[in-house]
> 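Pasting a structure here, questions to come.
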Amino acid sequence: MNYWLVKTEPHVYSIDDLKHDKVTAWTGVRNYQARNFLTSMEVGDTVLIYHSNAKPPGIVGVGVVKAKAKPDETQFEKNGHYFDPKATPEKPRWFCPDIRFSEKFGRMISLDELREQQSLEELLLLKRGSRLSVTPVDQKHYNIIVKLANKKS
DNA sequence: GCCAACGTTGGC
DNA sequence: GCCAACGTTGGC
């Protein structure tokens, strides 16, 4: 069982939307490295949910992989924002797993707070220049983050 | 296969 | 809205 972190812009799709929907297809990722992580996700893997382009940005909760990645339908939607003219149903380029809501943290762990943790120095999210919207997370880092989430502020 | 131009991400 | 740090595209 593996741990991951996915970014989402809350004004587009927030943890509250996920809570409301219960399960969602994690569509719209258009970066090969991120795609490869998405297709590596196994049913039952744990996924930290991060709000990017938010004030402040930070980790807000947890989801679980409900189904392995399948072709992302939004790549075929001609007038959609995520349309990819080079993708065909026979040869899809982009894939998305289903992610189920698990929990929303009692408080957000902001990017600033994450950076303050010496123990999270190696978290890929915090690595300079890492703009990847899907990254793997070490179990030890996951444990630290959950502990932070449960700490009274 | 190089690389300049262009597009995107995402914190600030 | 700016811009650094990427990633992608396409001419050659």
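Here the structure is a predicted model, which means the values were calculated and not measured. Naming: A, B, ... by sequence-line order, numbering from 1 per chain.
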> Within a radius of less than 6.0 Å around NZ of A:K140, do more than 12 heavy atoms belonging to other residues, nucleotides or ligands occur?
no

> When the distance from CG of A:L132 to P of B:dG11 is rounded to whole Å, what number comes out?
13 Å

> Please confirm whether the backbone N or O of A:E42 pairs with a side-chain atom of A:D45, one donor and one acceptor, at under 3.5 Å?
yes

> Round to the nearest Å and state the distance from A:R30 atom CZ to C:dT9 atom P.
12 Å

> Taking C-beta and beyond as the side chain, do A:M41 and A:V134 meet within less than 4.5 Å on heavy atoms?
yes

> Going 5' to 3' through nucleotides 2-8 of chain B, assign each nucleotide B (protein heavy atom under 4.0 Å from a base atom), S (under 4.0 Å only from sugar-phosphate atoms) or - (no protein heavy atom that close).
------B

> Round to a whole Å and report the spacing from NZ of A:K55 to P of B:dG10.
16 Å

> Is any side-chain N of the basic residue among A:R35 and A:D72 closer than 4.0 Å to the acidic one's carboxylate O?
no

> Toward the 5' end of DNA chain C, which comes first, A:N53 or A:Y32, by nearest nucleotide?
A:N53

> Which comes earlier along DNA chain C counting from the 5' end, the contact point of A:Q33 or that of A:K86, where each point is its nearest nucleotide?
A:Q33

> Under 4.0 Å between a side-chain nitrogen and a carboxylate oxygen: does that hold for A:E103 and A:K19?
no

> State whether A:K68 and A:D98 are salt-bridged, where the test is any N-O pair (Lys NZ or Arg NE/NH1/NH2 against Asp/Glu carboxylate O) under 4.0 Å.
no

> State whether A:K7 places a side-chain N or O below 4.0 Å from either non-bridging phosphate oxygen (OP1 or OP2) of B:dT9.
no

> A:L126 has an atom CG; how far is it from atom P of B:dT9, in whole Å?
20 Å

